[in-house]
Amino acid sequence: MGVFKKLLSAVSVTLTATIAFTFPVQAVAANLSKFSSAEENDTENTIVGELVSERDEYTKYFRMSDGSTMAAQYEYPVHYKDNNDEWVEYNNSLSELNENATEYDPTPKS
């Protein structure tokens, strides 16, 4: 019975570690054009807008108020290519299905 307890303990530790390390990693932002810290800047650097043409499956690019570019890279895909071969954001919104619906319709409702 001692071997069973040791095996059970080893499996428990392994599963716990696996679960702990597989939670989604927060987006990692890297300043691509300047490597200065916020304390070195006199003004706060803010995001002006997304550079949609620079998107890829896992990355969003942003133009910053100082003219630099920042990339936010994700562990999981955040864009997919549509019929026009353009990167489009996944629609992660939730909506209630009506009682007659048999499947989810991903088209946005205006």
Side-chain angles (χ1 to χ4, degrees):
M1 201 57 144
V3 173
F4 177 74
K5 284 187 178 183
K6 286 182 182 181
L7 180 62
L8 183 61
S9 178
V11 169
S12 297
V13 169
T14 303
L15 289 175
T16 301
T18 302
I19 291 170
F21 292 114
T22 57
F23 280 109
V25 176
Q26 293 182 1
V28 177
N31 194 334
L32 299 178
S33 63
K34 282 180 20 177
F35 295 99
S36 61
S37 66
E39 295 84 33
E40 295 174 8
N41 296 332
D42 291 341
T43 59
E44 187 172 322
N45 200 10
T46 58
I47 295 175
V48 175
E50 183 184 358
L51 301 171
V52 176
S53 63
E54 301 294 321
R55 286 178 175 174
D56 65 36
E57 189 174 13
Y58 294 89
T59 313
K60 292 178 179 282
Y61 293 90
F62 300 97
R63 173 69 58 212
M64 303 302 288
S65 58
D66 67 353
S68 64
T69 303
M70 180 181 70
Q73 191 166 18
Y74 300 86
E75 182 178 2
Y76 299 101
V78 291
H79 302 113
Y80 65 94
K81 284 207 174 185
D82 66 2
N83 295 337
N84 298 324
D85 204 35
E86 294 179 4
W87 291 108
V88 180
E89 287 190 52
Y90 282 105
N91 179 359
N92 293 327
S93 62
L94 298 175
S95 60
E96 190 172 322
L97 292 176
N98 69 37
E99 60 191 41
N100 298 325
T102 57
E103 62 183 46
Y104 172 70
D105 179 10
T107 55
K109 308 293 186 257
S110 298

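Quick caveat: nothing in here was measured; it's all calculated off a predicted structure.
- Of the possible donor and acceptor atoms, one in the side chain of Thr14 sits under 3.5 Å from a partner among the backbone N and O of Ala10.
- In this structure, the side chain of Ser68 does not engage the main chain of Met64 through any donor-acceptor pair within 3.5 Å.
- Ion pair Lys60/Glu89 flagged as a salt bridge, since at least one NZ, NE, NH1 or NH2 atom sits closer than 4.0 Å to an Asp/Glu carboxylate oxygen.
- A heavy-atom distance below 4.5 Å is not found between the side chains of Val88 and His79.
- Take Thr46 and apply the side-chain contact (heavy atoms from CB on, under 4.5 Å) test, not counting sequence neighbours, and it matches Glu44, Ser65.
- You'll find the side chain of Tyr61 stays beyond 4.5 Å of the side chain of Val52, heavy atoms only.
- Side-chain contact between Arg63 and Ile47 is absent, with no heavy-atom pair separated by less than 4.5 Å.
- With values rounded to the nearest 0.5 angstrom, Gln73 atom CD is found 11.5 Å from Glu57 atom CD.
- In this structure a side-chain-to-backbone donor-acceptor pair under 3.5 Å is missing from Asp66 to Asn45.
- Here Tyr58 pairs with nothing under the ring pair (Phe, Tyr, Trp, His ring centres under 6.0 Å) rule; sequence neighbours left out.
- The CZ atom of Phe62 sits 8.5 Å away from the CG atom of Leu51 when rounded to the nearest 0.5 Å.
- With sequence neighbours excluded, the residues forming a side chain to side chain donor-acceptor pair (under 3.5 Å) with Glu50 are Arg55, listed by chain and number.
- Glu54 contributes atom CD, which lies 11.0 Å from atom OG1 of Thr59 (distance to the nearest 0.5 angstrom).
- Atom OH of residue Tyr90 and atom OH of residue Tyr80 lie 8.0 Å apart, to the nearest 0.5 angstrom.
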